[in-house]
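A short write-up of the structure that comes next.
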Amino acid sequence: MLGIMMDKQLNIADILEYAAVYNRDAEIVTRLVEGGIHRYTYADALTRSKQLANALQSLGVQIGDRVATLAWNTHRHFEIYYAVSGMGAITHTINPRLFPEQIVYIINHAEDGVVFVDLTFLPLLEAIAPQISGVRHIVVMTDAAHMPESSLPGLLCYEDLLQGQEADFEWPQFDEKTAAGLCYTSGTTGNPKGVLYSHRSTVLHAIASCRSSALNLGPMSRVLPVVPMFHVCAWGIPYAAPIAGSSILFPGAGMDGASLHGLIDGEKATALLGVPTVWLGLLNYVESIGGHLDSVDSVVIGGSAAPRSMLEKFQDQYGVFPIHAWGMTEMSPMGSLCAMTPYLKGADRDARLRIQSKQGRPVFGVEMKIVDDEGNALPHDGRTFGRLMVRGPWIASGYYRSDENAAFQDGWFDTGDVSTIDPEGYMQIVDRSKDVIKSGGEWISSIELENYAVGHPSVAEACVVGIAHPKWDERPLLLIVNREGATCTKDAIIAYLSDKVAKWWLPDDVVFVESLPHTATGKLLKTEVRARFERHYTG
Ligand code: AMP
């Protein structure tokens, strides 16, 4: 017997319609790419999204078409999210940090007909223009006064496009499983793969994210997503914040410590979200000026493991509650996090940090299990580790127009991460499965070694890789970028690590380098490091 309830379909446009009426106190503040601060309300954003939808219709955009963005976190990008998905087309956010040939590949693979571009990224488009002939319109996200000279013919100006458009637009009604957003995930090998979000997955993810047991957003929150809108939709904040009634602070192109601190302090940010590298920049800056983060209640740290030293600094020095979170592009991205609990609140500092160093418990809607190579479920004892599998309504069930679907097995998605799960349900990432170091039949976690290494006062960044070894199969090699002005020796680092990990985990060598290679999403590019040091232990 079926329930007798309405079959109203979930739709992204309804989020902004709701916020425009009921969350009038909230504001959207943007540090403009052109300079200066822009502020307005959800009602203003709704009007302009409708004008944009009308404009897109006049450019011939139809339901199911892909509309791309190469853009920072700004109010205009926010409007594009709602206009494009609301009219039934698909918002395809492109990561400008990808290699140009990868950008060409994904624009052509997605068959983008329109590309919205920020001033910063126009040269990038100019360089690849001959290879993306399917793009019919390029819209520069600025006003007439800032329209640049360009080698590209027929550039459209965002503000001119909106000018004179009707402020009314009837959002079409469609199946909630209709595609709404497209984000390509770049592995370290092969072509990027497209994850195609639906209205249903996006709305459910947004509702789940803002709850107090997750990101804890509400009408009093002023949330600063430093995580880019071109990387998993800024972790869904452009959808979660209007539901929660929170104000949003968009940092534009200002991702450095000084710009972020200016926005945090000036606009009284309460909740921050970003990757560890960004927080390192912020913390270094705040420390250098003897500043504070007094307005901030919480900082979400995800995308890479949060080192314990970073958790300590936020918590002990600045009174900010760090929420360690884990997720993936394929998961919209939210999977698990370390929310505040009565136990955590009451725990002594050490016990609390031990838990916060883990990637947390799954939020409702995400199921997790760990399995061995044969797919057998492994115990949740906090020690046994295996391949982390997930399933849920906002997790991809395949890649867009791809037959690389080996990770999708029996209704579960193999995350490619290796982890433990403890009896309390806290998951801890041990490593990416391809990065875990196999030494003499045992496994060593490169992430854990890196996290300890960056705790050393002279270390700015650390990278551990497994290098072929004649006796042990693989042995760890530690690469270190020193903080500016700091000097350190291999012996000092090994001594520092000695009371933190088992003796056989200690790296056989430590190499000091100027910089480390990163992927377009800011993760360490370990394939490159491994290739460079391939023969380090074999000669
Ligand atoms: P992406 O799809 O680019 O967001 O990358 C997802 C991957 O980032 C995950 O599969 C993990 O390997 C890694 N990751 C994300 N969050 C964390 C975290 N808190 N700790 C360790 N690794 C993480």
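Each ligand, and each atom within it, is numbered from 1 in the order the structure gives. Since this is a predicted model, take the numbers as computed values, not measurements.
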Legend entry - Contact with ligand 1 for S304, non-hydrogen, under 4.0 angstrom: yes
Inset, instruction - Starting from atom 21 (C) of ligand 1, find the nearest protein heavy-atom neighbour and note its residue, name and distance. - result: A305 N, 3.3 Å
Inset, instruction - Give the atoms of ligand 1, by number and element, whose distance to some non-hydrogen atom of H231 is under 4.0 Å. - result: 1 (P), 3 (O), 4 (O)
Inset, instruction - Under 4.0 Å, heavy atoms only, figure out whether ligand 1 is touched by the backbone of A306, its side chain, both or neither. - result: neither
Inset, instruction - Determine the minimum heavy-atom distance between N451 and A305, stating which atoms define it. - result: ND2-CB, 3.7 Å
Inset, instruction - With rounding to the nearest 0.5 Å, note down the distance linking OG1 in T69 to CG in D112. - result: 9.0 Å
Inset, instruction - Tell me which protein heavy atom sits closest to atom 13 (C) of ligand 1, plus the residue, atom name and distance to 0.1 Å. - result: G303 O, 3.5 Å
Inset, instruction - Any chance you could measure T91, atom OG1, to L182, atom CG, to the nearest 0.5 Å? - result: 9.5 Å
Inset, instruction - Would you indicate whether the side-chain heavy atoms of I94 and Y184 approach each other to under 4.5 Å? - result: no
Legend entry - Neighbour count above 12 (heavy atom, 6.0 Å) for D403 CG: no
Legend entry - atom 1 (P) of ligand 1: the protein heavy-atom neighbour that sits closest, reported with distance to 0.1 Å: T329 OG1, 3.5 Å
Inset, instruction - With heavy atoms only and a cut-off of under 4.0 Å, state how Q359 meets ligand 1: side chain, backbone, both or neither. - result: side chain
Legend entry - atom 9 (C) of ligand 1 - nearest protein heavy atom and its distance: D417 OD2, 3.3 Å
Legend entry - Top protein contact for atom 19 (N) of ligand 1, by heavy-atom distance: A325 O, 2.7 Å
Legend entry - R530/D435 ion pair, N-O < 4.0 Å: yes
Inset, instruction - State yes or no: are the ring centers of W72 and F121 separated by less than 6.0 Å? - result: yes
Legend entry - ligand 1 contact on P333 by region, counting heavy-atom pairs under 4.0 Å: neither
Inset, instruction - Could you tell me the residue and atom name of the protein heavy atom closest to atom 8 (O) of ligand 1, and the distance to it rounded to 0.1 Å? - result: K523 CE, 3.2 Å
Inset, instruction - Starting from atom 6 (C) of ligand 1, find the nearest protein heavy-atom neighbour and note its residue, name and distance. - result: G327 O, 3.5 Å
Legend entry - Atom CG of D410 with >12 non-hydrogen neighbours under 6.0 angstrom: no
